[in-house]
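For reference, the structure is listed below as structure tokens.
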There are 2 protein chains.
Amino acid sequence: MPVHQHIRVTADAVVLRFSSKEGMMVLLSKRSIPPHIFKWGLPGGFVHNDEPLEDAVHREIRDETGLKVNYLEQMRTWGHPERDPRGRILCVAHLGLVKPSTSKLILGAGNKEARWYSVKELPATAFDHADVIAGAIEHLRTRLRSEPLAFELLDPKFPVSELEKLYEWVYNRQIDRRNFQKKMHSLGLLSVQQEKLKHPLQGRPAQLYSFNRQKFQELKQKNGYIEIFS
Amino acid sequence: MPVHQHIRVTADAVVLRFSSKEGMMVLLSKRSIPPHIFKWGLPGGFVHNDEPLEDAVHREIRDETGLKVNYLEQMRTWGHPERDPRGRILCVAHLGLVKPSTSKLILGAGNKEARWYSVKELPATAFDHADVIAGAIEHLRTRLRSEPLAFELLDPKFPVSELEKLYEWVYNRQIDRRNFQKKMHSLGLLSVQQEKLKHPLQGRPAQLYSFNRQKFQELKQKNGYIEIFS
DNA sequence: GCAAAAGTGTTTCCTGTACACCCATGC
DNA sequence: GCATGGGTGTACAGGAAACACTTTTGC
């Protein structure tokens, strides 16, 4: 059996970026070779023989877009025999998160083209990548309830409203500002920063906070589970 | 790159069975060939070129143990380059659940030996399979909070106490019987059955229930999320 | 002073939790 | 009748949800 097996493996990533202004954006790169030439696909590619899966994802993202994601986790493996016309190719899909301030793309001299697309307005995508993106959003919906992944999508210092709008986007519903703040403060996950938001477009400048990761770890250790959002 | 890639893929399963008497048991099969000959490993093996991953798992479990799992889902892919001495081999790990009444092993004429082991008293295991089993329990801990996987581990008709003890095992803490029943009944997930438990070892015979899957789907559709257990 | 967004407190209701007694059966 | 596990109700506390007005800034 093993000698006859011929299955190839790619490591791909749904890299997300969020801002209240633009909503959730996903990083796509334009394919320059068949199959699905000129369609948009997830950054990723074939894993090297001696390379850990996560390393492969980091490498491919860097090579295709110059980006360095600050958070990466595996989601699931897509393995339908017919998902790739070139033969049997598994896709080990990952979720990558970047902060708005570090999401500038640096496109190399190569012929790759890459850009951010709104998750709500995707172009024609290659392979089953639209399914993978949908799976990533669903994955986020599950994880954001109890894991501090939201903070990986925000700058190190952020106003509470930005956190709130991220949750509103992910769960597609309105959240009461007062109750949300109360919950976050009662959990103790937010540390007040000296600064306030500079140059708000309009209105009163917002207090900035940072994520108190140590407090989160303490709570998790003590209770085993933390409901951040219900 | 693709032409030089040489990575093989196995589909393996952590198959679990639960009873209040024996606790959580995992299905292991004794390896009859190197590497790790005579150690105990998860049922699984190399995926066929044109075979979906889940089919491969079902096939391997059936071939090695005669068992038909009634629930199967993918967990995650283990891909450390050094995890298998034979070369680069990915393990797409799955979670399989069987009901106590359908967990009898049928060992074929082959030289495979298989048996149930208590998750709390594992023998020496092959590869990184101990990690995979630990990951499966952690996976259960996450999923049982909001998904009705517990019912896949119980017979079609079960006493509430069995459901409760399953949760007690998974979360490793005591649960108040009255509050647990109240919660389950208020959710409406349990349908009363005509029968009561026959021949209880001692004490009053328990009322049997079945899982009301339709009600669960309704709730999930309406609220998007159901907290079964906190 | 007006428009825009940020900050804040109280009441109500519901849900989680703690807790103890009676019931049905086998022996 | 006794041992064993099953079934049930109440009271309290804490968290979730609903809800409106004041504050700070830019223009």
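Computed from a predicted structure; not experimentally measured. Just so it is clear: chains get the letters A, B, ... in the order the sequence lines come, proteins before strands, and each one is counted from 1.
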Relative to each other, are the rings of B/Tyr167 and B/Tyr171 parallel, tilted or perpendicular (30° and 60° limits)?
-> parallel
On a heavy-atom basis, the closest approach of A/Phe216 and A/Pro148 is CZ-CD, 3.4 Å
Please give, in whole Å, the distance from [N] [atom2] to [X] [atom1]?
X	N	atom1	atom2	result
A/Asp176	C/dA5	CG	C1'	15 Å
A/Phe180	C/dG9	CZ	C1'	19 Å
B/Leu190	D/dG7	CG	P	11 Å
A/Gln202	C/dA3	CD	P	12 Å
B/Arg178	C/dC23	CZ	P	16 Å
A/Gln181	C/dT8	CD	P	7 Å
A/Leu187	D/dG15	CG	C1'	11 Å
A/Arg173	D/dA18	CZ	C1'	15 Å

**Item:** Lys NZ or Arg CZ of B/Arg145 over A/Tyr225 ring: under 6.0 Å, within 45°
**Value:** yes
### Query
Hey, does the Lys NZ or Arg CZ of A/Arg17 hover above the aromatic six-ring of A/Trp116, less than 6.0 Å from the centre and inside 45° of the axis?
yes
Contacts of B/Lys196 and A/Lys165 projected onto DNA chain C by closest heavy atom; the upstream (5') one is A/Lys165
| Taking atom types as they are modelled, is there a donor-acceptor pair under 3.5 Å from the base of D/dG7 to the side chain of B/Arg177? | yes
Discussion item. When you measure only distances, ignoring hydrogens and angles, does the side chain of A/Lys182 come within 3.5 Å of the base of C/dT10 through a donor and an acceptor?
Written reply: yes
ask   = Between the side chain of B/Asp176 and the main-chain N/O of B/Arg178, is any donor-acceptor distance below 3.5 Å?
value = yes
Of B/Pro159 and A/Gly203, the one whose closest nucleotide on DNA chain D sits nearer the 5' end is B/Pro159
Per nearest nucleotide of DNA chain D, the residue lying toward the 5' end, A/Asn179 or A/Pro205, is A/Asn179
Just to be sure I understand the rule, does B/Ser161 reach a base, reach only the sugar-phosphate, or reach nothing, if contact means heavy atoms closer than 4.0 Å?
sugar-phosphate
| message | Heavy atoms only, 4.0 Å cut-off, all strands: where does A/Lys183 land among base, sugar-phosphate and nothing? | response | sugar-phosphate
